[in-house]
Amino acid sequence: MTTVEITRFRVSPERTAELLATRAGMVADFEADREGFLGAKLIELPGGEWLDIVEWRTPADFAASRAKGGNLPGIQAFFAVIDALVSSEEGTLR
């Protein structure tokens, strides 16, 4: 079963363009470096909040990705734009 990572975070409105510009690099780094990465969707919410929904093949793949953190430049650039983490959850796609 597919594991889903749901992360809610805040970005100041003046950095929205930067967030979107760094997204492709983050996804490319995940594709190159993260075993079991299946894809990601970024959703803009009102008030400068965002949802990042990332699908992983297994819970172990997700855990291994978390352990790596921002280990590559594209991932670091995306993370650097985030002002605050609101929440992070893991679930199973049914």
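Taking CG of L93 as the reference point, atom CE of M1 lies at 10.0 Å (rounded to 0.5 Å). To the nearest 0.5 Å, atoms CD (E55) and NZ (K41) are separated by 6.0 Å. Note: S87 OG to R8 CZ = 6.5 Å, rounded to the nearest 0.5 Å. Interatomic distance, CD1 of I53 versus OG1 of T7, reported as 9.5 Å (0.5 Å rounding).
A salt bridge links E35 and R57; the closest N-O separation between the charged side-chain nitrogens and carboxylate oxygens is under 4.0 Å. Under a 4.0 Å N-O distance rule, the pair K68/D29 does not qualify as a salt bridge.
When every heavy atom of A40 is checked against every heavy atom of R23, the shortest pair comes out as CB-NH2, 3.2 Å.
Listed by chain and number, the hydrophobic cluster partners of L20 are F9, V11, L19, M26, V27, F30, F37, L42, W50, V54, W56, F62, L72, I75, F78, F79, V81, I82, where partners are ILVMFWY side chains within reach of under 4.5 Å, directly or through others.
R94 is not listed as a side-chain neighbour of V4, based on a closest heavy-atom distance of 4.5 Å or more.
For R10, the side chain to side chain contact (heavy atoms under 4.5 Å, CB included) criterion is met by E49, A84, V86, not counting sequence neighbours. Evaluation of the side chain to side chain contact (heavy atoms under 4.5 Å, CB included) rule for P59 yields T3, E90 as partners, not counting sequence neighbours.
No donor-acceptor distance shorter than 3.5 angstrom exists from the side chain of S65 to the backbone of D61, with no hydrogens or angles considered.
Hydrophobic clustering (side-chain heavy atoms under 4.5 Å, transitive across Ile, Leu, Val, Met, Phe, Trp, Tyr) keeps I6 apart from L38.
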Handout entry: CA sep, side-chain torsions, deciding dist, call: R66, S88, side chain to side chain donor-acceptor pair (under 3.5 Å)
Key = CA-CA 11 Å; R66 273 204 149 157; S88 182; 2.6 Å; yes
